[in-house]
Amino acid sequence: MLDKKYSAQEKEAKWLNYWNENQIYKFIPDGRKVFSIDTPPPTVSGKIHIGHVFSYSQVEMISRYKRLRGFNIFYPFGFDDNGLPSERLVEKEQGKKAHEIGREAFSELCYKTTEKYENEFKTLFSKLGVGTDWNYAYKTISPSTIKISQRSFLQLVKDGHCYHKQSPALWCNECLTSIAQAELETKKIKTTFNFINFKTLENGETFTIATTRPELLPAIVAVFVNPKDEKHSHLIGKKAVIPLVDAVVPIMADEKVAIDKGTGIVMCCTFGDQTDIEWWKKYNLPLKNIFTSDGKIASEVKNYGGLKILEARKKIVQDLSDQGYVVKIEELEHEVQVHERCGKEAEYAVMKQWFINIMDHKKDFLKIGDQIKWHPAHMKARFNEWVNNVAWDWCISRQRYFGVPFPVWYCKKCGEPVFAREEDLPVNPLTSQPKQKCCSKCGCKEFVPEKDVMDTWATSSTTPLINMRYGEKNSLENILRPMTLRANASEIIRTWDFYTIVKSFYHFGQKPWENVMISGFVMANKGEKISKSKGNSKNDPIDLINEYSADVVRYWAGSGRLGTDMLFSEETLLRGRKLVNKIWNVAKFIEMHIQDFKDKKFSDYEFFDKWALGSLQEMEKGFCKYLDEFEVGLALNHLEKYFWNFCDNYIEIVKHRLYRPEEFGEKARYSGQKAVYTILYKLLQDFSIFFPFITEEIYQELYHDNKSIHLTTIKPLKFDFAKEVEQGDKLVEFISAVRGEKTNHNVSLKTTVKNLCISGDENILDCLQQACKDFKATLFAENVKTRKIKKGGHITKIELDLQ
RNA sequence: GGAGGCUUAGCUCAGCUGGUAGAGUACCUGCCUUACAAGCAGAGGGUCAUAGGUUCGAGCCCUAUAGCCUCCACCA
């Protein structure tokens, strides 16, 4: 028997345990069609917030739906624990920088810390009822992942898509590492626009350049003006004398100079921005590297060496001003590129790094984007936009400690890279040596290890490879290529989705997945994203689960449209709580009435039973349609609407028959029993996608024809009750009108209706006649008189017994 | 500046290939009805952002405008 009150705390713990012990979500390749999900390994960055629950729940619900539709679900969970986010977390907790702790000790701390937080994540996702096979869980820093990531790297090198090159790269002098374009964010800052006078070498003509970065004066390698700029074009071909610095540089022409920006004359430094790099390459300009890797001016720069960038800026402006070079200084607010992990302005550094070729294959990436179904469809635009605008090859070198090592050494003599052999993976070049001699002619046996580690994304872009155990003996490549579904939030389309597509293209020349589903964000307040760094989430998910139950929290997470941002809403939780409670109560009611029920072949249903079954059939069609489009929230809404109608109307109608067979007959009671038995079963299945716990509890108590409700399959109903659905809705409208009349008279709904007169067409009167007993019992009506009209139907008289 | 999205009841949001505006919630009014008061029944509440256009007919399609949001670019 179901308990009088449902205790979520107790039951949820019980079923979690049961699912675990019985390995309900275990993935075993069998003959069935596989539905595979590539879900984001959360970055282990400390704080878990409600946004995590939101985006992970929706995919999880899809996995449950597909399982109910008979698919074999491959749905592993992962943790992205390598890389900068973990390092920063440790640095923050330790109050020390990585280099102060030392490479090995620091890595050790990273392992420990990420493990601690991973357990917290795991606890949360388990408590939420996430139906994943933990046997397939992966970590991006585990030896098996390192192996696959290194294998991927070596393959790309072999195929010529990955190269080692001295090149300017984005540099963060807070994190002391190079970074990729995708790791940049923009930030508004206040700065000054400095108008500085230069002179030509030839005739000493004065011209003015406006710059926000006067500290780059020693790094100027050229001055540019637009050839169409009538005011300044005469300068082209002359030479410019740089103030304060004893240097003379050419004045050159380039169309890219905006005539109306600043003074229309630009200084080109190595490097201040991307245009500088472009010009540097295009015109083969010399290199003047004036920054050190930790954000200072190089010591060889006269007067300013050793100063931090901002100090140098201040001093140079002061010196320029003292010597009369400054025309004016304007206040300026503009946006700069900062590193997303630390918020510090990105600089450029020139060093030898590993790059993955992006620029040569943009068209291929776009093509793959076209081959993937995006949900919602407009999210593809974000991908296209990014691919079209990406300006750099992907730099995957990071001058950090906690990451996947490059399986590379360099020959001490000739500097040539030597790569690890496939059979030796995974390797750490810092603690091992190559087994072969230097490949090139020198034959040297001494090697310098590559100290850099790979960018986090270089590894997380291989999640499909990790999932399929790429290149391993037990590879699942034949069933996971491509995977069925990738799910993530919109912010990582440009990183995770993009890079995964890049790798999939290089490895297989193929799309990595059939579908991508993009979720929105949870907003803390209107227009304010919940973010880990801001700590503006008021609601700890564990607290919410304890207060409302996992099922109810899932209700909140499952509402809302795909790809649309959502506000955190207590109201939605309350609504979910009511719904879950209602499911419990109606199940109790049905349980009470099916004690003596025996399932047998039966098709001679009462009218309203046909109505309820037919409506369910219709509802389920729409329900599945939404879920096939990954619209979890709309499906839930649709189901919920049917469910309340079922409770408030159908149960109210059928209960009289169930209670009083002596009055209605055993057959009519059986018809009702069979209907509620069938409908509840299906409702539990449908709801189990969202509420895995309470539905399991009811299912096990009432049905129990399988090990778990989550292993059952949804079988579509095949009734032909369209007429009953249509006319039944009208009869319910009559019922509603009579109830309204009673309420208007402030009397109980049990008040007797002495006379009820209805005019209606042939169809509706026919149905009314079939349903007459139920209809009268529901309304407590003594007499129902009908009159035939040509079309439609309405009540003409309601006479209540108001005594 | 580029791309995309949003604007519908006090609030949170649905609204399918154009056909008389929907839900939940809040507020108000009734009702202890043999599953449920965490319930049931009902009432009020909307120039569908604005202005044009297409159409017999527009919340929906087209154009422009405004406000908000997200991503990207903009460092001279």
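Note on naming: letters A, B, ... go to the chains in the order of the sequence lines (proteins, then strands), and numbering restarts at 1 for each one.
B/A43 and B/C6 have their C1' atoms separated by 32 Å, given to the nearest Å. On the C1' atoms, B/G18 is 35 Å away from B/C72, given to the nearest whole Å. Across the C1' atoms, B/G24 and B/G45 are found 15 Å apart, a figure rounded to whole Å. Rounded to the nearest Å, the gap between the C1' atom of B/G22 and that of B/C60 is 15 Å. Rounded to whole Å, the C1' atom of B/C27 lies 23 Å from the corresponding atom of B/C32. Distance noted for atom P between B/C13 and B/U70: 15 Å (whole Å). Going from the P atom of B/C71 to that of B/U29 covers 46 Å, rounded to whole Å. Comparing B/A49 with B/U7, their C1' atoms sit 6 Å apart, to the nearest whole Å.
The residue A/Ala391 sits apart from the nucleic acid: no heavy atom pair falls under 4.0 Å. A/Ile265 comes within 4.0 angstrom of the backbone, heavy atoms only, and of no base. A/Ser569 comes within 4.0 angstrom of no nucleic acid atom, judged by non-hydrogen atoms across all strands. Residue contacts for A/Val257: at a heavy-atom cut-off of 4.0 Å it reaches a base atom on one of the strands shown. Residue contacts for A/Leu634: at a heavy-atom cut-off of 4.0 Å it reaches the sugar-phosphate backbone alone, with no base atom in range. Among the protein residues, A/Met592 comes within range of the sugar-phosphate backbone only, with heavy atoms under 4.0 Å from sugar or phosphate atoms but none that close to a base. Using a 4.0 Å heavy-atom criterion, one finds that A/Phe224 contacts no nucleic acid atom at all.
In this structure a side-chain-to-backbone donor-acceptor pair under 3.5 Å is present from A/Lys288 to A/Ile220.
Remark: A/Ala253 engages A/Pro227, A/Ile236 in a side chain to side chain contact (heavy atoms under 4.5 Å, CB included) (not counting sequence neighbours). The side-chain hydrogen bond (donor to acceptor under 3.5 Å, both in side chains) check on A/Thr500 picks up A/Arg486, with sequence neighbours excluded. Applying the side chain to side chain contact (heavy atoms under 4.5 Å, CB included) criterion to A/Arg739, with sequence neighbours excluded, gives A/Asn649, A/Glu652, A/Ile735, A/Leu749, A/Thr778. Taking A/Gln617 as the reference, nothing meets the side-chain hydrogen bond (donor to acceptor under 3.5 Å, both in side chains) condition, with sequence neighbours excluded. A search for side-chain hydrogen bond (donor to acceptor under 3.5 Å, both in side chains) contacts involving A/Lys380 returns A/Asp370, not counting sequence neighbours. Partners of A/Lys362 according to the side chain to side chain contact (heavy atoms under 4.5 Å, CB included) rule, which considers only residues two or more places apart in sequence or in another chain, are A/Met359, A/Val387, A/Val390. Here A/Lys588 pairs with A/Leu2, A/Lys4, A/Trp584, A/Asn585 under the side chain to side chain contact (heavy atoms under 4.5 Å, CB included) rule; sequence neighbours left out.
In this structure, the CG atom of A/Asp565 is 14 Å from the P atom of B/U12, given to the nearest Å. Atom CZ in A/Phe568 sits roughly 13 Å away from atom P in B/C13 (whole-Å rounding). Look at CD on A/Glu640: it is 9 Å from C1' on B/A23, rounded to the nearest Å. Atoms NZ (A/Lys742) and C1' (B/U33) sit 10 Å apart, rounded to a whole Å. Between the P atom of B/U70 and the CG atom of A/Asn384 lies a distance of 22 Å, rounded to the nearest Å. With rounding to whole Å, A/Glu385 atom CD is found 7 Å from B/A3 atom P. For A/Arg575 and B/C11, the CZ to C1' distance is 13 Å, given to the nearest whole Å. Atom CG in A/Leu779 sits about 17 Å away from atom P in B/U33, given to the nearest Å.
Closest to the A/Arg213 side chain, of the nucleotides B/U25, B/C31, B/C75, is B/C75. When each of B/G4, B/C75, B/C72 is scored by its nearest atom to the side-chain atoms of A/Ala381, the top-ranked nucleotide is B/G4. The side chain of A/Asn746 sits closest to B/U29 out of B/A23, B/U29, B/C69. Nearest nucleotide to the A/Trp386 side chain, out of B/A14, B/C31, B/A73: B/A73.
Counting only Watson-Crick or G-U wobble pairs whose defining distances are both under 3.5 Å, the stems of 3 or more consecutive pairs in RNA chain B are B:1-7 with B:66-72, B:10-13 with B:22-25, B:28-31 with B:39-42, B:49-53 with B:61-65.
For A/Lys641 and A/Asn744, each mapped to the nucleotide of RNA chain B holding its nearest heavy atom, the one lying further toward the 5' end belongs to A/Lys641. Heavy-atom distances to RNA chain B give each of A/Tyr626 and A/Gly563 a nearest nucleotide, and the one nearer the 5′ end belongs to A/Gly563.
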For this session: Take A/Phe207 and A/His232, measure what ring pair (Phe, Tyr, Trp, His ring centres under 6.0 Å) needs, and give me the verdict at the end.
Result: CA-CA 9 Å; A/Phe207 60 93; A/His232 299 119; 8.0 Å; no
For this session: Go through the steps for A/Asp596 and A/Arg669 under the test salt bridge (Lys or Arg N to Asp or Glu O under 4.0 Å), then give the verdict.
Result: CA-CA 11 Å; A/Asp596 59 340; A/Arg669 175 162 179 266; 3.0 Å; yes
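Regarding contacts with the backbone of B/C71, every side-chain N or O of A/Arg494 stays at 4.0 angstrom or more from both OP1 and OP2. Between A/Arg660 and the phosphate of B/U34, there is no side-chain N or O to OP1/OP2 separation shorter than 4.0 Å. Taking side-chain N and O atoms only, A/Gln337 has no distance below 4.0 Å to OP1 or OP2 of B/C75.
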With the criterion being N/O to N/O and under 3.5 Å, what pairs connect the protein with nucleotides 37-41 of chain B, and how long is each?
from: B/A38; atom 1: O2'; to: A/Asn581; atom 2: ND2; distance (Å): 2.9
from: B/G39; atom 1: O3'; to: A/Lys582; atom 2: NZ; distance (Å): 3.0
from: B/C40; atom 1: OP1; to: A/Lys582; atom 2: NZ; distance (Å): 2.8
from: B/C40; atom 1: OP1; to: A/Asp648; atom 2: OD1; distance (Å): 3.1
from: B/A41; atom 1: O2'; to: A/Arg739; atom 2: O; distance (Å): 3.4
from: B/A41; atom 1: O2'; to: A/Thr743; atom 2: OG1; distance (Å): 2.6

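One finds no salt bridge joining A/Arg660 and A/Glu662 here, because no Lys/Arg side-chain nitrogen approaches an Asp/Glu carboxylate oxygen to under 4.0 Å. Using a cut-off of 4.0 Å between Lys/Arg side-chain N and Asp/Glu carboxylate O, A/Lys282 and A/Asp254 are scored as salt-bridged.
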